[in-house]
Amino acid sequence: MPTRMSSFFLRTLREDPADAEVPSHRLLVRGGYVRRVAPGIFTWLPLGWKVYRNVERVVREQMDAAGFQELHFPALLPRGPYEASNRWTEYGDNVFRVKDRRDNDFMLGPTHEEFFTLTVKDLYDSYRDLPLAIYQIQTKYRDESRPRAGILRGREFVMKDSYSFDLDDAGLDASYERHRAAYESTFDRLGLEYVTVSAMSGAMGGSASEEFLAPCDSGEDTYVACTSCDYAANAEAVRFPVADPVDATDAPAAHVEDTPETPTIQTLVDLSNGRDDLARDDREWTAADTLKNVVVMISQPDGTREPLAIGVPGDRDVDMKRLEAEFEPAVVEAFTPEDFAAHPQLAKGYIGPGEDVLGQGGIRYLLDPRIAEGSRWITGANAPGNHVYDLVAGRDFPVEGRIDVADIREGDPCPNCGGDLTLARGIEVGHIFKLGRRYAEALDLTVQDESGTNVVVTMGSYGIGVSRAVAAIVEQSHDDAGMVWPRSVTPFDVHLLTAGKSDDHAAAAESLAAEIEAAGMSVLYDDRDASAGVKFNDADLLGMPTIVVVGRGLKNGEVEVKDRATGDRRDVPFDALVETLVADAARA
RNA sequence: CGGGAUGUAGCGCAGCUUGGUUAGCGCGCCUCGUUCGGGACGAGGAGGUCGGCGGUUCGAAUCCGCCCAUCCCGACCA
């Protein structure tokens, strides 16, 4: 039986919801696929649920095909295991915490590493049981400080998470590769365009890590890709090589100059160019000649705070996102007036390297990799209104450490081949990484090897944002009129409507609907007593891949078949309709 | 958590500055009629704790205070 719109639980909105910004949010709400219940929490209405389940089905089929085994943990989790890995604290405000009637702590699981690990530990003891790869498709909860963009980033969302367990690094490599291949086939089937970029392993600890990003304007992740080689990385993970040392034997001695009213790079550059005693003969000073020192506070989950100074070329800013990624799970805070008061050696606006100030016994001081040993700089002289010129890195102050957190720009040299980097945005729909032994060690997951020795298991962790993928598909596949579903996840194969209200139209549509369904395709039949325009617009909005119109061609025994994606329309005789639809579906 | 904005019917909004009958418009919904291939038309109707609490006042959607909530921009993640 076709689903009849006259009785289908669906209401489309004529106007965009006021709170929806990104296309997926706007269209999913307007099309009656989802409905907001609370910030970041949504109801899946019948149409949306069909899409969601199709996505979930594809994910499950590809996991099963790869030989991974599905299980299901609770979403409501006791505190204990998270103590062992220290994450009850580390996750901070991002977890929904609840108590039972006896005042025991529970949480709504934001992730399940501990439970996978502990369950394997419970059941397995021998190397002969490995390798193992298990997964679940689970509702996860994260009390995001700022949920946004509708389904793209909710506080309740569905994630497929897998874990692999291997005896050694070679085994982990193999498990990782199997997951990568499974992910590629999954996203291919979902009709998602994606790029694979290398990524930091983030809060979970570990080594190799790659993200699957669906490129689109609403993406929250910035990634770089090289125009010359196949290098691609999340902006947070890009690491530029340390610049080669330069010869500084001819460099003049460093000299402090009186530079009043120059607390910013721009004022400093302007003053330097404007004064005869400071101006260069060969060219103008630029911001890139200055060494900018940014002081921040690194705040650990346990509450300890430590100041950190970062030196970058003055034409660059510190990218806070990259900096945060570097110190996870610690949080980076701006230096407050109180912090400055507690460090009186820091002259705001005139901070520079110096004994007991930055480095050399003072605040921990790390330099951008572009600052070569032997390079000359203008920087703060640690006194208001004073800068030091011709300060040579490595000669006048030691290079105590490096940190690569400056902003990345279009055209920056590729760390791999030196070609030009491009910047783009994408939605993280998948993430695979080699966890290593962190959880296994913390939770004491070992197996006996052939010699009877206990060996710590090495793990991999692999996620797919199932609910997020629904939104990502819309982000990539829509036009002004509405959504355009890939056939693999469409809620219905065919959207059938009558343009014309005679009994003949209805009878023809009924019989065609039955034929189409008999051929194995699902039909959403718009049998409503609405004007043709309303039906056409709803059909475009709802986005089934094929729209069949029983209209003015009826008298000739023809219907119109419209391809939602291309907009192409063809008149097809009744008796050729099913054949046409089957052929179209097969071609897609 | 910082910055900005908003809260009035299922959805989108006006009214608030300058307090005053029964709180209004469009969409959607119900009834009747007309229309019938790209969000038709007429007539009639249903639907509201005006975010909450407190205050000022003869009288508060409107003024004041506090609170709550939501959205957007920045810092976090599938």
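First the proteins, then the strands, lettered A, B, ... as listed; each starts at 1.
- Considering only heavy atoms from C-beta on, A/Y183 comes within 4.5 Å of A/I464 through its side chain.
- Side-chain proximity of A/M159 to the nucleotides B/A78, B/C72, B/G12 is greatest for B/A78.
- At B/U70, none of the side-chain N or O atoms of A/R36 fall inside 4.0 Å of OP1 or OP2 (strictly under the cut-off).
- For A/E15, taking side-chain heavy atoms from C-beta onward, the closest of the listed nucleotides B/G26, B/G37, B/G38 is B/G26.
- A/L323 places none of its side-chain heavy atoms less than 4.5 Å from the side chain of A/D319.
- Separating the CG atom of A/D407 from the P atom of B/A75 is a distance of 12 Å, rounded to the nearest angstrom.
- With P as the reference atom, B/U57 and B/A46 are 38 Å apart, rounded to whole Å.
- When each of A/G150 and A/G500 is assigned the nucleotide of RNA chain B bearing its nearest heavy atom, the one mapping closer to the 5' terminus is A/G500.
- Distance noted for atom P between B/G48 and B/A5: 33 Å (whole Å).
- Considering only side-chain atoms of A/F536, the nucleotide from B/G12, B/G38, B/C11 that sits closest is B/G38.
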Legend entry - Dot-bracket summary - RNA chain B, pairs being Watson-Crick or G-U whose distances fall under 3.5 Å, with | when paired to another strand: (((((((..((((......[...)))).((((((.....)))))).....(((((..]....))))))))))))....

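- Rounded to a whole Å, the CE atom of A/M63 is 13 Å from the C1' atom of B/A78.
- Distances from the side chain of A/L13 to the nucleotides B/C11, B/A78, B/G37 place B/C11 closest.
- To the nearest whole angstrom, the two P atoms, one in B/G10 and one in B/G47, are 12 Å apart.
- Taking atom CD on A/E220 and atom C1' on B/G74, their separation rounds to 12 Å, with Å as the unit.
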Between protein and nucleic acid, restricted to nucleotides 43-47 of chain B and to nitrogen or oxygen atoms under 3.5 Å apart, what atom pairs and distances do you find?
none

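- Here the C1' atom of nucleotide B/C29 and the CG atom of A/L10 are 15 Å apart, to the nearest Å.
- Remark: A/D217 CG is loosely packed, at most 12 non-hydrogen atoms of other residues, nucleotides or ligands lying under 6.0 Å away.
- A/V120 has its side chain out of reach of A/Y163: every pair of non-hydrogen atoms, C-beta onward, lies at least 4.5 Å apart.
- A gap of 11 Å separates the C1' atoms of B/U56 and B/G19, to the nearest Å.
- Ring to ring, A/Y135 and A/H72 are not that close: their centroids are 6.0 angstrom or more apart.
- As judged by a 4.0 angstrom heavy-atom cut-off over every strand, A/D16 is placed among residues touching the sugar-phosphate backbone only.
- Between B/C16 and B/C50, the two C1' atoms lie 11 Å apart (nearest whole Å).
- Residue A/R30 contributes atom CZ, which lies 12 Å from atom C1' of B/C27 at whole-angstrom precision.
- Side-chain nitrogen and oxygen atoms of A/S531 include none within less than 4.0 Å of the OP1 or OP2 phosphate oxygen of B/C36.
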Inset, instruction - Show your working on ring pair (Phe, Tyr, Trp, His ring centres under 6.0 Å) between A/W485 and A/Y33 and close with a plain yes or no. - result: CA-CA 13 Å; A/W485 292 109; A/Y33 280 70; 5.6 Å; yes

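- Rounded to a whole angstrom, the distance from the C1' atom of B/C71 to that of B/U62 is 24 Å.
- The residue A/G553 sits close to a base: some heavy atom pair falls under 4.0 Å.
- One interatomic measurement links the two molecules: CZ of A/R26 to P of B/C71, which rounds to 17 Å at whole-angstrom precision.
- When each of B/A40, B/A78, B/G37 is scored by its nearest atom to the side-chain atoms of A/V534, the top-ranked nucleotide is B/A40.
- If you measure from atom CZ of A/R552 to atom P of B/G38, you get 8 Å, rounded to the nearest angstrom.
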Inset, instruction - Go through the steps to decide whether A/Y141 and A/F157 satisfy the test ring pair (Phe, Tyr, Trp, His ring centres under 6.0 Å), and finish with yes or no. - result: CA-CA 7 Å; A/Y141 297 87; A/F157 58 97; 8.2 Å; no

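- Residues A/V55 and A/L190 are in side-chain contact: their nearest non-hydrogen atoms beyond the backbone lie under 4.5 Å apart.
- As a whole-Å value, the separation of A/R153 CZ from B/C73 P is 11 Å.
- Rounded to a whole angstrom, the distance from the C1' atom of B/G51 to that of B/U70 is 10 Å.
- Looking at the side chain of A/K501, the nearest of the listed nucleotides B/G37, B/U35, B/C11 is B/U35.
- The side chain of A/R142 approaches B/A78 more closely than any other nucleotide in the set B/A78, B/G37, B/G38.
- If you check every strand for non-hydrogen atoms under 4.0 Å, A/V466 touches nothing.
- Annotation: A/H179 is in aromatic contact with A/F68 [ring centroid separation under 6.0 Å].
- Straight-line distance between the C1' atoms of B/C13 and B/U6: roughly 13 Å, to the nearest whole Å.
- Comparing A/V158 and A/G533 by the nucleotide of RNA chain B whose heavy atom lies nearest to each, the residue mapping closer to the 5' end is A/G533.
- For the pair A/V34 and A/V29, the minimum side-chain heavy-atom distance is below 4.5 Å.
- For A/R569, counting side-chain heavy atoms from C-beta on, the closest listed nucleotide (B/A78, B/C11, B/G37) is B/G37.
- Here the nucleotide nearest the side chain of A/R11, chosen from B/C29, B/G12, B/G37, is B/C29.
- Note on ring orientation: taking the six-membered ring where Trp is involved, the planes of A/F42 and A/H25 are perpendicular (angle over 60°, cut-offs 30° and 60°).
- Looking at heavy-atom distances under 4.0 Å, A/G463 makes no contact with the nucleic acid at all.
- Side-chain proximity of A/A499 to B/G38, B/A78, B/G37: nearest is B/G37.
- Between A/R409 and A/D315, at least one side-chain nitrogen of the basic residue sits less than 4.0 Å from a carboxylate oxygen of the acidic one, meeting the salt-bridge criterion.
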